[in-house]
J.: 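Please read through the structure below; I'll follow up with questions.
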Amino acid sequence: MNTETLKETSTVIENQELKLLVLYNDDVNTFDHVINMLVKYCGHDSLQAEQCAMLVHFKGKCDIKKGAFKELAFISEILAENGLTVEIN
């Protein structure tokens, strides 16, 4: 196996492992709560978190984080425990 084949294989494996964490709109949580959760657990800055909250409000959902399934599963569980509706795709 040459170096080029190894790089291509590695890229394919990395792309397959990356998932998206999606936040869905609800009628329960406040904008402040959603923003605080995104900053605290997803590593968003306040502007990014606010923009995601607005997208969720107006579009019904928003991709809030991209990463490995294990990382997203951990974050998903915490967000769900804090009342947010999330799903890993």
Side-chain angles (χ1 to χ4, degrees):
M1 182 180 295
N2 64 33
T3 305
E4 194 62 37
T5 304
L6 185 58
K7 286 180 183 176
E8 288 176 20
T9 303
S10 177
T11 302
V12 169
I13 291 171
E14 287 176 16
N15 288 340
Q16 289 176 352
E17 291 177 357
L18 293 180
K19 301 288 185 180
L20 292 172
L21 183 59
V22 181
L23 175 64
Y24 290 93
N25 191 30
D26 63 42
D27 294 329
V28 178
N29 293 293
T30 65
F31 277 96
D32 285 339
H33 178 65
V34 171
I35 291 167
N36 289 335
M37 294 294 101
L38 295 177
V39 168
K40 186 172 183 177
Y41 296 112
C42 294
H44 292 199
D45 61 34
S46 58
L47 179 60
Q48 182 183 15
E50 184 178 342
Q51 290 173 337
C52 286
M54 294 299 285
L55 282 170
V56 168
H57 179 71
F58 288 109
K59 300 271 186 180
K61 65 180 182 176
C62 178
D63 299 341
I64 56 171
K65 189 148 182 85
K66 183 177 185 179
F69 180 82
K70 282 186 177 184
E71 175 191 14
L72 297 183
F74 178 72
I75 296 169
S76 174
E77 186 176 321
I78 292 171
L79 294 177
E81 287 173 357
N82 283 279
L84 301 184
T85 305
V86 290
E87 177 181 67
I88 299 172
N89 290 332

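Heavy-atom basis, side chains included; hydrogens, waters and symmetry copies ignored.
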J.: For a 4.5 angstrom cut-off between non-hydrogen side-chain atoms, does His33 reach Val28?
T.: no
J.: Of Asn29, Ile64, Asp63, Thr85, which meets side-chain contact (heavy atoms from CB on, under 4.5 Å) against Leu23?
T.: Ile64
J.: Is there a chain of hydrophobic side chains (I, L, V, M, F, W, Y, each step under 4.5 Å between heavy atoms) that links Met37 to Ile75?
T.: yes
J.: Are Ile88 and Val34 connected, step by step, through hydrophobic side chains (Ile, Leu, Val, Met, Phe, Trp, Tyr) whose heavy atoms are closer than 4.5 Å?
T.: yes
J.: If you compare all heavy atoms of Cys52 against all heavy atoms of His44, which two are closest, and at what distance to 0.1 Å?
T.: SG-CE1, 3.6 Å
J.: Using only atom types and a distance under 3.5 Å, with no angle test, would you say the side chain of His57 pairs donor to acceptor with the backbone of Phe31?
T.: no
J.: Does any part of the side chain of Leu38, heavy atoms only, come nearer than 4.5 Å to the side chain of Gln48, both counted from C-beta?
T.: no
J.: I need the minimum non-hydrogen distance between Leu72 and Gly67, along with the two atoms involved.
T.: CD1-O, 3.6 Å
J.: Could you check if a side-chain atom of Glu87 sits within less than 4.5 angstrom of a side-chain atom of Lys61, using non-hydrogen atoms only?
T.: no
J.: Is Val86 reachable from Val39 through a run of I, L, V, M, F, W or Y residues, each pair having side-chain heavy atoms under 4.5 Å apart?
T.: no
J.: Following the transitive rule for hydrophobic clusters with a side-chain heavy-atom cut-off under 4.5 Å over Ile, Leu, Val, Met, Phe, Trp and Tyr, establish whether Val22 and Phe69 coincide in one cluster.
T.: no
J.: Which atom pair, heavy atoms only, marks the closest approach of Tyr24 to Asn89?
T.: OH-ND2, 4.3 Å
J.: Between Gly83 and Asp26, which heavy-atom pair has the shortest distance, and what is it?
T.: O-OD2, 3.8 Å
J.: Around Glu77, counting heavy atoms of other residues, nucleotides and ligands shown, do more than 12 lie under 6.0 Å from its CD?
T.: no
J.: Once you round to the nearest 0.5 Å, how far does CG of Asn25 lie from CG of Leu84?
T.: 11.0 Å
J.: Check whether any side-chain heavy atom of Leu79 lies under 4.5 Å from a side-chain heavy atom of Cys42, and answer yes or no.
T.: yes
J.: Is there a path of hydrophobic side-chain contacts, each under 4.5 Å between heavy atoms of I, L, V, M, F, W or Y residues, that connects Ile78 with Val56?
T.: yes
